[in-house]
2 protein chains.
Amino acid sequence: MSISARPTASSPSDTTASAHDRVYRALRARIMYGDIAPGEALTLRGIGREYEVSMTPAREALRRLVAEGALSLSSSGRVATPELSNERIEELAALRALLEVELSSRALPRAHMALIDRLQSINLAIAEMVSKRDAVGYIRTNLEFHRTLYLRAQAPAMLAMAETVWLQLGPTMRALYGRLRRTDPPQNHRLIIAALKAGDEPGLRLAVRSDVTQGLRLLVV
Amino acid sequence: MSISARPTASSPSDTTASAHDRVYRALRARIMYGDIAPGEALTLRGIGREYEVSMTPAREALRRLVAEGALSLSSSGRVATPELSNERIEELAALRALLEVELSSRALPRAHMALIDRLQSINLAIAEMVSKRDAVGYIRTNLEFHRTLYLRAQAPAMLAMAETVWLQLGPTMRALYGRLRRTDPPQNHRLIIAALKAGDEPGLRLAVRSDVTQGLRLLVV
DNA sequence: TCCGCAAACTTGTGATCACAGGATAGGAAA
DNA sequence: TTTCCTATCCTGTGATCACAAGTTTGCGGA
């Protein structure tokens, strides 16, 4: 949501020395990439112990994640990663479609060959994660594919919203991985790249929409 | 962003007795409805003094608002309401269009007569605010019109995102009011209501899009 | 063996404090 | 009068603590 730096490639210890920010970034990445199971509880003192900070920065990091919908705080303060209802999953999927179709459409006129090359190499990394059965790695590289494309849209607020949706879906996304079993590799991603090369906007919108929607559909039981 | 209760009609002292939440809600309303000028600085101790709490809850409220993009924290921690660039305003307007068109479209099949009545009475309130030259009241009732409609969409995550955009535009929205000078009253709102009555989805989408876009266009210099 | 209650513990909340860094004002020198 | 430097103030950060509320554990009675 904010303009803070991306927690993606994350050099081991970022230059930003703020304690709560470090905790926030670490937790955000863990949640977004499905490293934390849905329903898992987090305690202030536990976080503090794990990241060697006091309760204050831990609380601020948690509260920020709650504000972004990444964590839900149950009655009386306990905070845990949320278990999404089917309606919520469908709504978030629709939101992804809405935002990401627009982002890709805006990125299209600015997509140079260098970008397409980069997307293709990310695709290789995704295939590797699939073959290694690395769920967290798969989710991370998959989102990196999307983020790389959308960065070209020059629409930071829109991208931030898309990332917030990813964050909310993170814990659930992990469950998705268990069901796709090697079928999914960069099928839709190849369509996206083809549409980018061809400058085919309707095709791009369609490809992004299905890539975003189709996976989540498996989750709705 | 979160599922917290609406700060709108706000009974004077809410049942939720949490200090930081009270401060958060109060500040959120003030920002969203344009009660704070763009660029205005907020201090932790100042907030604490104003709402009679210590620095801790004040800091949490501010930090949450920063996370939602309602406030920008400049280099080295100072927090102030942001002055939006033209590109940012255009992007946020596009985001409003994207989200609110979808929300209105989802609300359409569920719009009963009671809803339309309520929207019309809100429209009267808007006209009254315009005649009273009450900028904050105008913004508040205008957003209430939109929120009342979108609540019918049964899409809480999407509505929360729209509200986040409103929040980011809040301080800027105030500046808009100075330029519309009694011209604007519920012109587009009447189109929205007409489309709702007729069950005309394309017309509704168009009316919402222009209502959302046209005002903001005045801000881009 | 099972149920219920109480004690011990764990948890989030908010206040206070020490500290470091940045902003500001005021005086001295040119 | 203007400019620069320094001392003071103000601000955000993070640690620690007291407290209240919720959770768990374990013991006693039926």
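Because only heavy atoms are used, hydrogens play no part in the values below, and waters and symmetry mates are left out as well, while side chains stay in. Below, chains carry the letters A, B, ... as their sequence lines are ordered, and counting in each starts from 1. Keep in mind that what you see is a predicted model, and the values were worked out from it rather than measured.
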### Task
To the nearest Å, give me how far apart CG (B:Leu42) and P (D:dT11) are.
12 Å

## Note on the structure
Residues passing the salt bridge (Lys or Arg N to Asp or Glu O under 4.0 Å) test with B:Arg152, sequence neighbours excluded, are none

### Query
Should the pair B:Glu163-B:Arg28 be classified as a salt bridge under the 4.0 Å nitrogen-to-oxygen rule?
yes

#### Entry: Option among A:Val66, A:Leu42, A:Leu62 that satisfies the side chain to side chain contact (heavy atoms under 4.5 Å, CB included) test with A:Leu73
A:Val66

### Query
If the sugar-phosphate is the primed atoms plus P, OP1 and OP2 and the base is the rest, what is the B/S/- string for nucleotides 13-21 of chain C, using protein heavy atoms under 4.0 Å?
BBBB-----

### Contacts of A:Arg110 that satisfy side chain to side chain donor-acceptor pair (under 3.5 Å) - sequence neighbours left out
none

### Message
For a side chain to side chain donor-acceptor pair (under 3.5 Å) check, start with the C-alpha distance between B:His20 and B:Arg59, then their side-chain angles and the critical distance, and finish with the verdict.
### Response
CA-CA 8 Å; B:His20 74 263; B:Arg59 177 155 41 148; over 6 Å; no

